[in-house]
Amino acid sequence: EEQDIVYLNKSKLFTPPAPILLPEDLQWHEHYDVRSILLFRFSALTFNSHKIHYDWKYVTEEEKYPGLVVQGPLQALLLLESAKKHHPNRKPLNYTFRAVRPLFEFDRIFLSGKTRPNNICDLYTSNGEQYIGTQATVSWR
């Protein structure tokens with residue numbers, strides 16, 4: 001496993017990165033209901049003590065986000081599970097993901113994907129505006 005983590009300086013006001021729209025040629029697009037209790041439990045399960053995922057007062061007043069932040073690794077896990085559901089007889093060979101824009105617990109979150117001819121799936125989480133949160137790629141055995 002290899003991880004590259006980028007931390008940004010705290011700002012006086014949350015300014016999201018420029019949006020990247022979902023591709024139009026997706027083969028599946030399903031809603032996933034993320035609630036604050038899931039964010040809390042996933043943080044506990046992964047020993048992630050950063051309050052932006054479970055403390056609403058902290059995340060809005062101190063970090064200046066508009067709400068609880070959905071963890072990048074949670075989005076990656078949901079994407080992989082979605083891909084496995086759409087490819088039930090396949091086993092993952094390689095998986096990479098990159099968070100490109102934060103998603104929040106109040107967002108309408110979607111899991112989407114498409115299969116390329118070379119045994120690879122492109123995967124995306126997005127919000128209701130079809131802005132990508134996390135993009136991933138899985139190759140199958």
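As the structure is a computational prediction, the values presented were derived from the model and not from experiment.
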Taken to the nearest 0.5 Å, the spacing of Ser139 OG from Asn119 CG works out to 7.5 Å
Sequence neighbours excluded, the answer for salt bridge (Lys or Arg N to Asp or Glu O under 4.0 Å) partners of Asp107 is none
OH of Tyr65 to CD of Glu63, rounded to nearest 0.5 Å, is 6.5 Å
For Phe47, the hydrophobic cluster (side chain heavy atoms closer than 4.5 Å, chained through members) also holds none
Residues passing the salt bridge (Lys or Arg N to Asp or Glu O under 4.0 Å) test with Arg141, sequence neighbours excluded, are none
Review point. Would you find a donor on one side and an acceptor on the other, under 3.5 Å apart, between the side chain of Gln71 and the backbone of Leu39?
Key: yes
For Phe106 and Phe104, take the angle between the two ring planes, folded into 0 to 90°, and tell me which bin it lands in: parallel under 30, tilted 30 to 60, perpendicular over 60. parallel
- Are side-chain heavy atoms of Trp140 and Val138 found at a separation under 4.5 Å? yes
Tell me whether the count of non-hydrogen atoms from other residues, nucleotides or ligands lying under 6.0 Å of CZ in Phe14 goes above 12. yes
The reported gap from CG in Asp55 to OG in Ser49 (rounded to nearest 0.5 angstrom) is 12.0 Å
Are the side chain of Tyr95 and the backbone of Leu77 linked by a donor-acceptor contact shorter than 3.5 Å? no
Minimal heavy-atom distance between Pro102 and Val69, with the atoms involved, is CB-CG1, 4.5 Å
Members sharing Ile132's hydrophobic cluster, built from side-chain contacts under 4.5 Å between Ile, Leu, Val, Met, Phe, Trp and Tyr, are Ile20, Leu22, Leu26, Val100, Tyr124
Do we get Lys51 above Tyr58's six-membered ring, with its NZ or CZ under 6.0 Å from the centre and within 45° of the axis? yes
Note: Thr60 and Gly67 closest approach over all heavy atoms is CG2-N, 4.1 Å
**OP:** Using the rule that two of Ile, Leu, Val, Met, Phe, Trp, Tyr join whenever any of their side-chain heavy atoms come within less than 4.5 Å, decide whether Tyr54 and Val70 are in one cluster.
**Re:** no
### Task
Would you indicate whether the side-chain heavy atoms of Thr46 and Pro73 approach each other to under 4.5 Å?
no
Handout entry: Validation row: Ser112, Gln27 side chains within 4.5 angstrom (heavy atoms)
Key = no
Report task. Show your working on side-chain contact (heavy atoms from CB on, under 4.5 Å) between Leu68 and His53 and close with a plain yes or no. Result -> CA-CA 5 Å; Leu68 298 176; His53 305 299; over 6 Å; no
Taking Leu79 as the starting point, is it possible to reach Leu93 by hopping between hydrophobic residues whose side chains are less than 4.5 Å apart?
no
Rounding to 0.5 Å, atoms CZ (Arg41) and OG (Ser36) come to a distance of 10.0 Å
- Is the shortest distance from a Lys or Arg side-chain nitrogen in Asp33 or Arg35 to a carboxylate oxygen in the other one below 4.0 Å? yes
Across all chains, not counting sequence neighbours, the side-chain contact (heavy atoms from CB on, under 4.5 Å) partners of Leu78 are Tyr32, Leu74, Leu111
Margin query: So does Phe110 get a backbone contact from the side chain of His31, meaning a donor-acceptor N/O pair under 3.5 Å?
Written below: no
Of all heavy-atom pairs linking Gly72 and Phe97, the shortest is O-CE1, 4.0 Å
Test side chain to side chain contact (heavy atoms under 4.5 Å, CB included), reference Lys114, set Leu123, Asp25, Ile120, output is Asp25
Quick note, side-chain hydrogen bond (donor to acceptor under 3.5 Å, both in side chains) partners involving residues 72-88, not counting sequence neighbours, are Trp28-Ser82, Glu30-Ser82, Glu30-Lys85, Glu30-His86, Gln75-Thr125, Gln75-Thr134, Glu81-Lys84, His87-Thr115
Open item on the list: If we count only N and O atoms by modelled type, under 3.5 Å, do the side chains of Asn127 and Arg101 hold a donor and an acceptor together?
Closed with: no
